[in-house]
Every structure is written in structure tokens, then in C-alpha cells.
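First comes the structure, then the notes that go with it.
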Amino acid sequence: MTITYTAVLDVRRGTAETLARLLRAHRNRLGTRKNTRALGAFKQAVLVLRWFVDGTRLAQLARDNGISVPTAYRYLHEGLTVLSDHAPDLSTALERGAAAGYTHLNLDGTVIRTDRVAAPGPNGADLWWSGKHKHHGGNVQVVSAPDGWPLWVSPVRPGREHDTTCARTHGLNAALDRLSTTLGVPTLTDLGYEDAGDGFRHPVKKPHGGPLPTEQQTFNKVIRGIHGVSERANALLKVTFKALRRVSLDPGSITRIARAALVLLQLEHGRTT
């Protein structure tokens, strides 16, 4: 026996309609003939949004839509690709930030939890295990506006990597240094990015054997106070989208998931900067 009930998806209809238009355009590019898909573009959009927002299992989504589980996976991955393709690259995000007249940007890393992944790294260490967070996950770097609105998310890196290593791999050090040098827009970070570059501003580390001078203590309070709002960027992504709280797909798919989540967040709020 089954029970049918009514549910409400906490997403603006305009967001679903925009995603449906993107999916329809993607189908047209593929040359998909009309009425050859099990689901129309709008129902596929709702499937993708339910997975993102509510974390609905693919088996449940397949059952609710009268399709097979493999088809549900294909529709989800297609939606991820279509959305992530519309996420801004680093250059575009920084240009938008500069055009908005921001006095500074924020950079912070977040580890997106994953199921256990048996992948050996250097010296036999578990590649996706985050020693800091004590769980498997992928490191994603997030550049945000002064008020903590996310502007850009990076491709995923294994959870064992340090934030500074990830930033360097993505070219963030050079790009943010140039932004600071040419436009006078520094990037605020925490101590995890110590000595990352001249364009970075982070608290001063306390020396061994003694306290910091008063002026450096004051500097640290100012930096931490202003930069603290960057936590909002990670919170916006993870609180809004349950799919980002724990990823059961291949960890490499976190890149598309994070980029797609950024696009959905921007659509939902009508804001890119």
C-alpha cells in the first residue's frame, strides 16, 4: 500500500522555469526530437531542484516520476552539467567584483563531506580524508563579496590538501595579487592562507614565547571582524542546498555540484555580485 501526499518545494517558480529553459535549449542543441524523453524539461528541472534543495534520494525521484533509477541519474547529471556551464569563471567573477566597486573580497575554503572513498594519496595517505575535519570530503575555495555573497567557487580538490595548496592550484594567488596591485582590492583570509601572496590580508600569527604587540592585536581584530562574514558564503550554499552537506556521488562531481549550486543561488536571489 502507498500513500500519495502533497509537498511544496521551497524554490521560486521562476528558478524552475529558467532551469527548464536551459534544459530545453540543451536538448535542442543535442537534436532531441519532441516527445522522445520520459520527462519534459520542466519536470526534469523539478527533479534536479528536489535533489539539490531537499536532498531527495534518486530512487525516490525515479519512483515519483515513473522512470527508472538509471534514467533519473542521467537526468540529474544532465542538469548538473547544464547549470555548471553557466557558472562564472574566476576572471569573470573578479571583473564583476571590481565593477561593483568592492573595497575588498573574501576567500575561504570549505570541505564538502563525501562518503568514504578509498583512493591512496602521497605516502599512502587517504587522498580524500580531511585530517582537520576528521571525515572524507572535497576542498572547494569560495570567493565572496564584502557581505559574504558567493561570487565564485573553485573546482574540487582532495580533502587532505591545505587551503593554500588548493588556492595555488586554481591560480587564485596570482589572480588575487593582480587584483590588489592593479585596482587596490585586497583579499581577506584567515591564517590558513599565511604568506599566500601580497594581495592577501590575514591576521598576524602570534610569535612563540610572547604576545603580539597592541597594534598587531588590533589589526587582527579588525581583519577577523571584517572577514568573519565570509562564513556566510559557505553557509548560504550548504544551508540552501542539502545536496552540498554530503555527496554520495563520485567526489569529482563536487565541481559540477558546487558550480551548479552557485548558479541556482544566483537565480533564486536574482544576484550575481
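Just so we're clear, the structure is a prediction, and the values are computed from it rather than from any experiment. Numbers for residues simply follow the sequence, beginning at 1.
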Run the side-chain hydrogen bond (donor to acceptor under 3.5 Å, both in side chains) test on Arg113 and His133 for me, step by step, so that the C-alpha distance in whole Å, both residues' side-chain angles and the decisive distance to 0.1 Å come before the verdict.
CA-CA 9 Å; Arg113 193 179 189 121; His133 297 276; over 6 Å; no
Would you find a donor on one side and an acceptor on the other, under 3.5 Å apart, between the side chain of [X] and the backbone of [Y]?
{"X": "Thr92", "Y": "Pro88", "result": "no"}
{"X": "Thr18", "Y": "Gly14", "result": "yes"}
{"X": "Asn139", "Y": "Arg157", "result": "no"}
{"X": "Asn234", "Y": "Thr110", "result": "no"}
{"X": "Ser253", "Y": "Asp250", "result": "yes"}
{"X": "Arg21", "Y": "Ala41", "result": "no"}
{"X": "Lys134", "Y": "Gly131", "result": "yes"}
{"X": "Arg259", "Y": "Ser84", "result": "yes"}
{"X": "Thr240", "Y": "Leu236", "result": "yes"}
{"X": "Arg63", "Y": "Leu58", "result": "no"}

Evaluate Asp190 against Asp108 for side chain to side chain contact (heavy atoms under 4.5 Å, CB included), listing each step before the verdict.
CA-CA 8 Å; Asp190 57 29; Asp108 197 17; 3.6 Å; yes
Ring-plane angle category for Phe200 and Tyr193, please: parallel below 30°, perpendicular beyond 60°, tilted otherwise.
parallel
Does the side chain of [Y] come within less than 4.5 Å of [X]'s, by heavy atoms?
{"X": "Val156", "Y": "Trp128", "value": "yes"}
{"X": "His269", "Y": "Trp149", "value": "yes"}
{"X": "Trp51", "Y": "Gln60", "value": "no"}
{"X": "Arg232", "Y": "Ser144", "value": "no"}
{"X": "Val143", "Y": "Asn106", "value": "no"}
{"X": "Gln216", "Y": "Val204", "value": "yes"}
{"X": "Thr181", "Y": "Arg178", "value": "no"}
{"X": "Leu249", "Y": "Ile257", "value": "yes"}

So, applying side-chain hydrogen bond (donor to acceptor under 3.5 Å, both in side chains) with His136, which one of Asp115, Asp126, Thr114 is it?
Asp126
Pair Arg271-Asp147, salt bridge (charged side-chain N to carboxylate O under 4.0 Å, His left out): steps then yes or no
CA-CA 13 Å; Arg271 176 182 175 183; Asp147 66 349; 3.0 Å; yes
Would Arg256 and Thr81 count as having a side-chain donor-acceptor pair, cut-off 3.5 Å?
yes
In terms of hydrophobic clusters joined by side-chain contacts under 4.5 Å, are [X] and [Y] together?
{"X": "Leu188", "Y": "Val153", "answer": "no"}
{"X": "Val239", "Y": "Val11", "answer": "no"}
{"X": "Ile226", "Y": "Val142", "answer": "no"}
{"X": "Phe52", "Y": "Leu23", "answer": "yes"}
{"X": "Leu90", "Y": "Leu151", "answer": "yes"}

Testing the basics here: between [X] and [Y], what is the closest heavy-atom pair and its distance to 0.1 Å?
{"X": "Gln217", "Y": "Pro211", "result": "NE2-CB, 4.4 Å"}
{"X": "Gly192", "Y": "Asp163", "result": "O-CB, 4.4 Å"}
{"X": "Lys242", "Y": "Val53", "result": "CG-O, 3.3 Å"}
{"X": "Tyr102", "Y": "Thr273", "result": "OH-C, 2.9 Å"}
{"X": "Arg96", "Y": "Thr272", "result": "NH1-CB, 3.7 Å"}
{"X": "Ala72", "Y": "Ala62", "result": "CB-CB, 3.9 Å"}

Just to verify, which of Thr169, Thr255, Val140 counts as forming a side chain to side chain contact (heavy atoms under 4.5 Å, CB included) with Ser154?
Val140
Distance check, rounded to the nearest 0.5 Å: [X] atom [atom1] versus [Y] atom [atom2]?
{"X": "Leu244", "Y": "Leu262", "atom1": "CG", "atom2": "CG", "answer": "10.5 Å"}
{"X": "Gln141", "Y": "Thr164", "atom1": "CD", "atom2": "OG1", "answer": "8.5 Å"}
{"X": "Ile223", "Y": "Thr189", "atom1": "CD1", "atom2": "OG1", "answer": "8.5 Å"}
{"X": "Thr56", "Y": "Arg50", "atom1": "OG1", "atom2": "CZ", "answer": "4.5 Å"}
{"X": "Gln44", "Y": "His26", "atom1": "CD", "atom2": "NE2", "answer": "8.0 Å"}
{"X": "His227", "Y": "His104", "atom1": "NE2", "atom2": "NE2", "answer": "9.0 Å"}

For [X], is the [atom1] atom crowded, meaning more than 12 foreign heavy atoms sit under 6.0 Å from it?
{"X": "Lys238", "atom1": "NZ", "answer": "yes"}
{"X": "Asp198", "atom1": "CG", "answer": "no"}
{"X": "Asp10", "atom1": "CG", "answer": "no"}

Determine, stepwise, if the pair Phe219 / Thr214 fulfils side chain to side chain contact (heavy atoms under 4.5 Å, CB included).
CA-CA 9 Å; Phe219 174 82; Thr214 302; over 6 Å; no
Given Arg201 and Thr187, is the side-chain hydrogen bond (donor to acceptor under 3.5 Å, both in side chains) satisfied, shown in steps?
CA-CA 6 Å; Arg201 303 290 184 272; Thr187 299; over 6 Å; no
Side chain to side chain contact (heavy atoms under 4.5 Å, CB included) between Asp85 and Leu22, intermediate numbers included:
CA-CA 10 Å; Asp85 285 347; Leu22 295 176; over 6 Å; no
Ring centroids only, cut at 6.0 angstrom: are His135 and Trp129 within range, meaning strictly under it?
no
Would Arg74 and Glu78 satisfy salt bridge (charged side-chain N to carboxylate O under 4.0 Å, His left out), going step by step from the backbone distance to the final call?
CA-CA 6 Å; Arg74 286 198 300 272; Glu78 186 176 49; over 6 Å; no
From CA spacing to verdict: side chain to side chain contact (heavy atoms under 4.5 Å, CB included), His170, Leu172:
CA-CA 5 Å; His170 301 313; Leu172 280 166; 4.3 Å; yes
